[in-house]
Asks: 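Okay, handing you the structure first.
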Amino acid sequence: MVDVESVDFFTEPALVNDPYPYFDELRGRCPVHPVAHPGVVSVTGYAEAVEVYRDEQAFSSCNAASGPFPGLPEQPEGDDISVLIERYRGQLPMSDFLVNLDGEIHAAQRALLRKLLTPKRLKDNEERIWRLADRQIDEFIGDGVFEVGRQYSNAFSLLVIADLLGVPDADREEFRQQLGAEVPLPNVGETAQVSRNPLEFLFERFFAYIQDRRREPRQDVLTELALATYPDGSTPDLDVVVRLATFLFAAGGDTTARLIASAMRILAENPEYQDLLRGDRRRIADFVEETLRTESPTKSDFRLVRTTTTVGGVTIPAGTTVIMHPGAANRDPRQFDDPEQFRLGRGNVREHLAFGRGAHSCPGGPLARAEATISIDRFLDRMTDIRISEAAHGPTDARRYDYEQSFLLRGLTELHLTFTASS
Ligand code: HEM
């Protein structure tokens with residue numbers, strides 16, 4: 001067992017494949033506990049994480065995606081560092097992106113998205129998501145074997161968002177080629193390089209689309225996005241709209257691709273679920289939910305303490321970085337019975353925190369759920385006897401799975417499956 005007092009979560013490779021014993025150990029000591037990284041407090045308890053997520057006043061999202069890297073350039077002092085945050089927030093990585101904004105600016109930009117990610121839009125898109133799933137599966141259905149991320153979920157999850165945003169048909173293939181490739185994440189041990197900017201292609205494309213639609217409105221989704229107004233009726237700058245659109249790919253691509261891979265691993269490891277879900281498709285939604293709980297794709301989510309505050313009886317000074325792990329909160333035994341157990345039909349499963357909570361909670365949750373549910377549905381229709389490839393992952397009693405060396409996301413580096421194509 002690792003020593004939680006000395007091991008650095010951000011740089012310790014031993015925590016990558018299985019971080020759960022570390023989370024349990026921390027939670028066992030205290031659900032709000034300092035970690036072996038200066039100025040960082042870890043929240044591993046469910047109730048405590050909800051408290052942090054819900055308290056926008058005390059916890060700033062300015063570091064939501066970057067955590068303590070690089071942190072503020074000035075040593076925080078006193079019990080209220082609001083002035084310091086406003087002075088330096090522009091210097092933090094991805095500072096203009098929705099997830100890192102606070103207060104009114106955040107609320108106004110989020111309202112722009114609300115029109116796009118409506119239940120109606122999702123319903124309208126559902127049929128196309130089925131087609132996108134089938135199109136990916138067509139490419140390897142004759143092979144009897146595939147690697148889930150590279151051949152299915154990475155491209156699929158990005159193309160679904162392209163479809164949602166109304167990327168014109170003529171550009172889809174280019175999107176597929178540009179976005180199908182793996183996006184590098186900051187590695188454990190390479191924490192200084194948090195600022196990733198794989199979004200240049202998207203930024204350029206959406207800049208051109210939105211500019212064009214503002215000049216010449218058409219009957220399409222991009223026009224709706226281009227002409228969306230703030231709640232007070234004013235028009236956002238072009239940059240704001242473009243950033244929102246591109247951020248959807250960053251926030252919704254990797255995460256959903258990892259969810260689908262985790263779900264497929266569980267399905268392939270447990271053939272009895274394949275029969276059960278094939279016989280009762282309505283239960284696929286439960287299966288996806290329990291996957292979200294047990295294998296939450298967002299591994300870490302951060303806040304900066306704006307005003308000295310108390311969570312779960314522990315006082316956290318202003319200037320502290322709080323690291324939350326949805327996967328730790330989702331295995332808190334005070335919230336979920338037998339939390340290690342994958343249990344289909346768990347009564348309170350939808351209380352999980354895989355999509356966060358509060359003002360920043362994931363607006364793409366319904367889409368991610370639909371993507372995973374439709375994917376499993378199509379796999380079960382088009383394949384039988386879905387198995388883990390022993391050639392790639394070893395025999396049942398000695399499996400080898402590797403997870404990405406990222407402290408932000410939890411995802412398999414590779415998942416090779418074998419199957420029989422349905423006749
Ligand atoms: C399984 C898939 C997904 C997971 C696990 C996930 C997880 C999360 C979490 C935990 C947050 C909260 C971050 C915070 O509070 O700091 C978040 C925010 C966000 N997610 Fe997702 N997400 C997923 C899919 C998606 C999809 C498909 C989209 C869009 C199409 C999306 C768009 C967003 C956006 C825009 C935000 C920022 C919201 C805000 O700051 O107000 N996500 N997501």
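When a ligand or atom number is given, it counts from 1 through the structure's own listing order. Predicted, not measured: the structure shown is a model, and the values here were computed from it. Computation of the quantities below employed the complete heavy-atom set of this structure, encompassing side-chain atoms and omitting hydrogens, waters and symmetry-equivalent molecules.
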Asks: Write out the residue and atom name of the closest protein heavy atom to atom 40 (O) of ligand 1, then the distance separating them to 0.1 Å.
Replies: His360 ND1, 2.6 Å

Asks: Under 4.0 Å, heavy atoms only, figure out whether ligand 1 is touched by the backbone of Cys362, its side chain, both or neither.
Replies: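 It is both backbone and side chain that touch ligand 1.
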
Asks: May I ask you to check whether Phe379 and Phe419 place their ring centres under 6.0 Å from each other?
Replies: no

Asks: Less than 6.0 angstrom separating the ring centers of Phe249 and Phe206, yes or no?
Replies: yes

Asks: Enumerate the atoms of ligand 1 whose separation from the nearest heavy atom of Val99 is less than 4.0 angstrom.
Replies: 13 (C), 16 (O), 40 (O)

Asks: For atom 26 (C) of ligand 1, what is the closest protein heavy atom, and at what distance to 0.1 Å?
Replies: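 Going atom by atom, the protein heavy atom closest to atom 26 (C) of ligand 1 ends up being Gly252 CA, 3.2 Å.
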
Asks: Which part of Phe302 is near ligand 1, with near meaning a heavy atom under 4.0 Å away: side chain, backbone, both or neither?
Replies: neither

Asks: So which protein heavy atom does atom 32 (C) of ligand 1 come closest to, and at what separation?
Replies: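 Atom 32 (C) of ligand 1 sits closest to the protein heavy atom Ala251 CB, 3.6 Å.
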
Asks: Is the Lys NZ or Arg CZ of Arg331 less than 6.0 Å from the centre of Tyr20's six-membered ring, within 45° of the axis?
Replies: yes

Asks: Pairs of nitrogen or oxygen atoms closer than 3.5 Å, one from His106 and one from ligand 1: do any exist?
Replies: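 Indeed, backbone or side chain, His106 has an N or O that close.
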
Asks: Just by distance, no angles: are the side chains of Glu351 and Gln335 close enough, under 3.5 Å, to form a donor-acceptor pair?
Replies: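 Yes - a donor-acceptor pair under 3.5 Å links their side chains.
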
Asks: Closest non-hydrogen protein atom to atom 37 (C) of ligand 1, residue and atom name please, with distance?
Replies: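 So the nearest neighbour among protein heavy atoms is Phe247 CE2, 3.8 Å.
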
Asks: Quick one: look up the protein heavy atom nearest atom 6 (C) of ligand 1 and list residue, atom name and how far away it is.
Replies: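 Checking every protein heavy atom, the shortest distance to atom 6 (C) of ligand 1 gives Phe355 CD2, 3.7 Å.
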
Asks: Which one of Thr291, Leu113, Val52, Leu259 has a non-hydrogen atom at the shortest distance from atom 1 (C) of ligand 1?
Replies: Leu259

Asks: Heavy atoms only: give me the nearest Ala268-Gln274 pair and the separation to one decimal.
Replies: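 Looking at all heavy atoms of both residues, the shortest contact is CA-NE2, 3.8 Å.
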
Asks: With heavy atoms of Tyr53 as the reference, note each atom of ligand 1 found under 4.0 Å away.
Replies: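 It comes down to these atoms of ligand 1: 15 (O).
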
Asks: Please verify whether a non-hydrogen atom of Pro297 lies at under 4.0 Å from ligand 1.
Replies: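 Pro297 counts as a contact of ligand 1 under the 4.0 Å cut-off.
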
Asks: Tell me, do Val35 and Ser42 make a side-chain contact under 4.5 Å, heavy atoms counted?
Replies: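 A side-chain contact under 4.5 Å exists here.
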
Asks: Heavy-atom distances under 4.0 Å are what count here, so tell me which part of Leu367 touches ligand 1: side chain, backbone, both or neither.
Replies: side chain

Asks: I need the nearest protein heavy-atom contact for atom 15 (O) of ligand 1: residue, atom name and distance, please.
Replies: Arg303 NH2, 2.8 Å

Asks: I want to know whether Phe407 and Phe9 have ring centres closer than 6.0 Å.
Replies: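 Between Phe9 and Phe407, which both carry aromatic rings, the centre distance is not below 6.0 Å.
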
Asks: Side chain or backbone of Arg258 under 4.0 Å from ligand 1, or both, or neither, by non-hydrogen atoms?
Replies: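 Neither; no heavy atom under 4.0 Å.
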
Asks: Classify the side-chain pair Ser60/Asp102 by whether it contains a donor and acceptor separated by less than 3.5 Å.
Replies: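 There is such a pair between these side chains.
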
Asks: Are any of the N/O atoms in Thr256 less than 3.5 Å from those in ligand 1?
Replies: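 So ligand 1 has no N or O lying under 3.5 Å from an N or O of Thr256.
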
Asks: For atom 5 (C) of ligand 1, which protein heavy atom lies nearest, and how many Å away is it?
Replies: Ala354 O, 3.5 Å

Asks: Assess whether side chain to side chain contact (heavy atoms under 4.5 Å, CB included) is satisfied between Leu132 and Asp163, documenting all intermediate values.
Replies: CA-CA 9 Å; Leu132 284 169; Asp163 189 63; 4.2 Å; yes

Asks: Check whether any side-chain heavy atom of Arg306 lies under 4.5 Å from a side-chain heavy atom of Phe59, and answer yes or no.
Replies: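 Side-chain contact under 4.5 Å: no.
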
Asks: Between Asp301 and ligand 1, is there a nitrogen or oxygen pair with a distance under 3.5 Å?
Replies: yes

Asks: Do you know which two heavy atoms are closest between Glu12 and Val7, and how far apart they sit?
Replies: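 For Glu12 and Val7, the tightest heavy-atom pair comes out as CG-CG2, 3.1 Å.
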
Asks: Quick one: which of Pro363, Ala368, Gly364 has a heavy atom closest to atom 19 (C) of ligand 1?
Replies: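 Among Pro363, Ala368, Gly364, the closest heavy atom to atom 19 (C) of ligand 1 comes from Pro363.
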
Asks: Between Thr255 and ligand 1, which part of the residue brings a heavy atom under 4.0 Å of the ligand: side chain, backbone, both or neither?
Replies: both

Asks: Ring centroid separation for Phe287 and Phe342, is it under 6.0 angstrom?
Replies: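 Yes: the rings meet the under 6.0 Å criterion.
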
Asks: Considering only heavy atoms of Gly356, which atoms of ligand 1 have at least one such atom less than 4.0 Å away?
Replies: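 Selected atoms, number and element: 10 (C).
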
Asks: Heavy-atom contacts with Ala64 under 4.0 Å: which atoms of ligand 1 show up? List them by number with element.
Replies: 16 (O)

Asks: Between Asp220 and Thr223, is there a side-chain donor-acceptor contact under 3.5 Å, judged purely by atom types and distance?
Replies: yes

Asks: For His106 and His360, does a side-chain donor sit closer than 3.5 Å to a side-chain acceptor?
Replies: yes

Asks: Arg110 versus ligand 1: do any nitrogen or oxygen atoms come within less than 3.5 Å of each other?
Replies: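 Yes: some nitrogen or oxygen of Arg110 is under 3.5 Å from one in ligand 1.
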
